[in-house]
Amino acid sequence: KNVEKLRTAEQSDNMTACRLVLTEMEKHEDGWPFLKPVNFKQFPTYKKYIKNPMDFTTMKNKLRDSLYKTRGEFASDTRLVFNNCMIFNEDESDVGKAGHTMRKYFEQRWKDLLLS
Ligand SMILES: Cc1ncccc1N[C@@H](C)c1cnc2ccsc2c1
């Protein structure tokens, strides 16, 4: 019983760092392109090129529903957001530049939080 409780407690600690960095990315001034799923009507070719769309709201819902078993799974979805962005958007476009900024921001914060 205690082992179970301990594991759940550890699990929620792991997810605290995820919730924190996700909140920071949602508030970041360059986070705007990634807040919601890309609208396929607005970008008709998106689903042709991007096989696994991901965005911050979807990640928030997955955290809420405990769909991330490890911090690594959360980090993978975050990197998916920015890799999709680099596939679809020119580096010099507003969205492309925001993607690079947010990717750098995430990787630095992820390091800070996990080595703390
Ligand atoms: C991250 C991403 N990748 C590819 C396409 C779109 C997006 N983001 C949406 C929100 C977006 C990005 N930029 C604009 C500009 C006018 S509407 C709109 C919506």
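Both ligands and their constituent atoms are indexed starting at 1 by order of listing.
Remark: side-chain polar atoms of Thr101 are paired, donor with acceptor, to backbone N or O of Lys97 under 3.5 angstrom. Not a single donor-acceptor pair under 3.5 Å links the side chain of Asp65 to the backbone N or O of Leu67.
Side-chain atoms of Asn61 and Thr58 form no donor-acceptor pair, as typed in the model, at a separation below 3.5 Å.
Here the CZ atom belonging to Phe56 is positioned 9.5 Å from the NE2 atom belonging to His28, to the nearest 0.5 angstrom.
A continuous path of hydrophobic side-chain contacts links Leu114 to Met25 [ILVMFWY only; heavy atoms under 4.5 Å].
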For ligand 1, what N or O to protein N or O distances fall under 3.5 Å?
from     : atom 1 : to    : atom 2 : distance (Å)
ligand 1 : 3 (N)  : Asn89 : ND2    : 3.2
ligand 1 : 8 (N)  : Pro33 : O      : 3.1

What donor-acceptor contacts under 3.5 angstrom involve side-chain atoms of residues 72-88, with partners at least two apart or in another chain?
from  : atom 1 : to     : atom 2 : distance (Å)
Glu73 : OE1    : Lys69  : N      : 2.8
Ser76 : OG     : Gly72  : O      : 2.9
Asp77 : OD2    : Lys62  : NZ     : 2.8
Asp77 : OD2    : Tyr68  : OH     : 2.6
Thr78 : OG1    : Phe74  : O      : 3.0
Arg79 : NE     : Glu107 : OE2    : 2.7
Arg79 : NH2    : Glu107 : OE1    : 2.9
Asn83 : ND2    : Arg79  : O      : 3.2
Asn84 : ND2    : Asn52  : O      : 2.9
Asn84 : ND2    : Leu80  : O      : 3.3

